[in-house]
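Working notes, beginning with the structure itself.
Below, chains carry the letters A, B, ... as their sequence lines are ordered, and counting in each starts from 1. Please read all numbers here as calculations on a predicted model, not as lab measurements. Below, all heavy atoms of this structure are taken into account, side chains as well, without hydrogens, waters or symmetry copies.
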Number of protein chains: 2
Amino acid sequence: MILGVNLSFAVKRWQEPKELASVCSELKVNHFQLNFDFIDPWWPEDTRNKICHDYRDAFEEKGLCFDSVFGGMADYTFPQFLGYSKTIRDISSTFRKRSIDATVELGGTAYGLALGGMTHKDAYDPEKRELIYQETIERLIDLAAYGKRKGLQDIEVEATPLFTEFPNDPDSSLRMMKDLNGKTDIPVLLFVDWGHALFKPLLKDKADLKIWLTTLKPYLGNMHLQQTDGMLDRHWDFRHTEGIVTREMIQDVLSSTGTEDKILYLEFSPAFETTDDDVLEGMKYSIEYLKPIADNL
Amino acid sequence: MILGVNLSFAVKRWQEPKELASVCSELKVNHFQLNFDFIDPWWPEDTRNKICHDYRDAFEEKGLCFDSVFGGMADYTFPQFLGYSKTIRDISSTFRKRSIDATVELGGTAYGLALGGMTHKDAYDPEKRELIYQETIERLIDLAAYGKRKGLQDIEVEATPLFTEFPNDPDSSLRMMKDLNGKTDIPVLLFVDWGHALFKPLLKDKADLKIWLTTLKPYLGNMHLQQTDGMLDRHWDFRHTEGIVTREMIQDVLSSTGTEDKILYLEFSPAFETTDDDVLEGMKYSIEYLKPIADNL
């Protein structure tokens with residue numbers, strides 16, 4: 001396994017670029033993924049780009065960099081590409097392009113995103129769902145063309161554990177990857193979050209990482225790792241004893257599916273009211289727990 | 001008690017304006033508070049205003065309206081007024097003014113907000129904390145002047161249950177209200193969330209609504225109601241049996257503090273992966289549970 005860290009744990013805690021770089025430096029990990037809860041792509045462009053450079057420079061000073069930049073909780077809150085009207089979906093295309101601009105300014109080579117969410121009635125209307133799906137494929141093709149012009153290397157689409165979103169299971173993910181394959185100017189890959197992939201209430205007997213990784217193998221980007229009980233999208237750290245993700249399970253899944261070359265970014269999302277000390281302790285505990293199976297540490 | 005509903009329960013579920021208005025109409029409540037997880041104030045202004053009108057018109061068609069509009073999870077994710085640099089705080093002033101513009105377009109008369117979050121090192125540095133506090137007072141005075149020009153009636157500042165944010169307890173809330181009192185062009189009031197006010201890990205023996213409401217009485221706006229166990233900021237619905245908020249407790253608190261005239265907006269924030277059916281059931285159950293003590297239903 002190659003271990004990385006998504007900076008979700010630091011949101012609303014270690015925001016200032018140099019302070020964030022110091023905290024990350026202490027973690028002794030060499031792959032970091034920033035997210036758009038630190039920088040809002042909507043912020044006025046010149047100011048936003050300057051802030052992006054502050055983060056990039058602070059990390060460079062510590063010998064670190066961002067491999068990629070992912071959508072955050074803030075932008076996931078909005079309907080984005082799966083919105084209820086063309087106006088809402090057009091706004092999201094603008095937002096996604098601004099996100100790519102910021103990714104490049106941050107020095108990231110990949111942009112990751114969850115596609116958005118449908119309004120209830122669209123999600124339960126097969127015809128409307130299909131219309132939004134087809135339009136989303138076109139929007140991703142357009143986004144990849146934009147990414148190429150900006151020098152981005154790839155785009156990674158995250159599967160989520162909601163019926164009202166897609167892709168949300170191995171089959172819908174495979175369909176999307178096949179529909180995009182060969183049509184995009186840069187690769188559009190599937191990004192698997194282990195907690196989403198193990199979410200039993202939606203996925204039932206497909207809540208199995210071996211099924212996910214075997215099915216999607218030709219299209220896999222990197223992955224998010226979290227501790228979870230499979231009953232909610234927990235994003236726990238590895239101190240939680242009710243979790244079903246163990247070192248042994250991770251090794252077994254990766255070796256049996258031949259996916260040891262993927263980066264697994266720890267993505268912890270503690271409640272905001274958790275203390276900073278507790279969050280940092282959870283991060284450090286989790287990295288220590290995973291280190292024995294991390295080939296890069 | 002006057003019962004209202006904050007539309008947090010509907011985020012990522014019933015997004016389309018007419019569908020949202022239908023769902024709200026079914027709840028048989030006459031006070032609604034929209035939040036900025038439906039509309040991002042950063043969206044391009046003309047388009048955003050048209051979307052605001054779509055929501056306002058859809059609600060008017062059902063005989064409903066928004067009393068007020070509150071910040072959402074999305075904007076609470078960012079540092080805002082308590083950010084680590086003047087640049088970040090200036091961006092937030094722009095964002096807050098756009099939020100007021102959107103509130104007015106939605107027909108709301110009040111704008112509610114949590115002020116933002118400090119980066120770790122600022123929160124633990126008393127001098128920096130005080131500097132950010134003083135600047136925030138100036139920013140709120142400026143925001144109230146802007147609100148008055150736009151026809152807003154008041155601004156409501158929400159206390160949060162985090163050491164790294166302010167105000168976060170009865171004393172810091174009272175200080176802020178006194179520092180603003182008489183200096184703002186429209187009233188800036190304190191907005192109490194019952195779950196924040198009952199958060200024991202931070203507040204200890206001040207996690208007591210009678211203390212909060214007695215201390216802040218001259219400056220109180222309306223309030224958020226949630227079910228909670230006092231150990232995390234739960235935002236549960238009232239089906240949760242581990243909760244400490246009961247009808248009897250609500251009545252006792254309101255009558256003993258003389259605050260029966262405030263609107264208590266239910267604010268449930270279910271996990272995104274909870275099904276829509278389950279969320280709606282939780283909302284309806286909670287309203288039925290509270291109806292016997294609601295003077296307006």
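- Of the listed residues (A:Thr274, A:Asp40, A:Thr47), the one with the most heavy-atom contacts under 4.5 Å to chain B is A:Asp40.
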TODO: Give the C-alpha distance, both sets of side-chain angles, the deciding distance and a yes or no for ring-ring contact (aromatic ring centres under 6.0 Å, His included) between B:Trp43 and A:Phe78.
DONE: CA-CA 11 Å; B:Trp43 287 349; A:Phe78 296 106; 5.7 Å; yes

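- Within a 6.0 Å radius of NZ in B:Lys18, no more than 12 heavy atoms belonging to other residues, nucleotides or ligands are found.
- Between A:Glu273 and B:Asp233, the shortest heavy-atom contact is OE2-N, 2.6 Å.
- Options A:Pro44, A:Gly83, A:Pro79 differ in how many heavy-atom pairs under 4.5 Å they form with chain B, and the most are formed by A:Pro79.
- A:Pro201 does not touch chain B: none of its heavy atoms, backbone or side chain, sits under 4.5 Å away.
- Neither the backbone nor the side chain of A:Leu82 has a heavy atom closer than 4.5 Å to any heavy atom of chain B.
- The CG atom of B:Leu20 lies 11.0 Å from the NZ atom of A:Lys121; values are rounded to the nearest 0.5 Å.
- For A:Phe272, the parts lying near chain B are the backbone and the side chain together; criterion is any non-hydrogen pair under 4.5 Å.
- Counting heavy-atom pairs closer than 4.5 Å to chain A, the top residue among B:Arg13, B:Met118, B:Glu19 is B:Glu19.
- To the nearest 0.5 Å, atoms CH2 (A:Trp14) and OG1 (B:Thr164) are separated by 10.0 Å.
- Under a 3.5 Å cut-off, the side chain of A:Gln15 and the backbone N or O of B:Tyr84 do not form any donor-acceptor pair.
- For the pair A:Lys12 and B:Tyr76, the cation sits on the ring face: its NZ or CZ lies under 6.0 Å from the ring centre, inside 45° of the axis.
- Nearest heavy atoms, B:Thr119 versus A:Glu16: OG1-N, 3.0 Å.
- Rounded to the nearest 0.5 angstrom, A:Ile51 CD1 and B:Ile88 CD1 are separated by 4.0 Å.
- Both the backbone and the side chain of A:Leu232 come within contact range of chain B, judged by heavy atoms closer than 4.5 Å.
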TODO: Apply side-chain contact (heavy atoms from CB on, under 4.5 Å) to B:Asp276 and A:Tyr124, showing your working.
DONE: CA-CA 11 Å; B:Asp276 294 351; A:Tyr124 286 86; 4.3 Å; yes

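- The neighbour count for A:Glu130 CD, taken as heavy atoms of other residues, nucleotides or ligands under 6.0 Å away, is above 12.
- Atoms CD1 and CD1, from B:Ile39 and A:Ile91 in turn, are 10.0 Å apart once rounded to the nearest 0.5 Å.
- Only the backbone of B:Phe36 comes within contact range of chain A, with at least one heavy atom under 4.5 Å from a heavy atom of that chain.
- Neither the backbone nor the side chain of A:Leu202 comes within less than 4.5 Å of any heavy atom in chain B.
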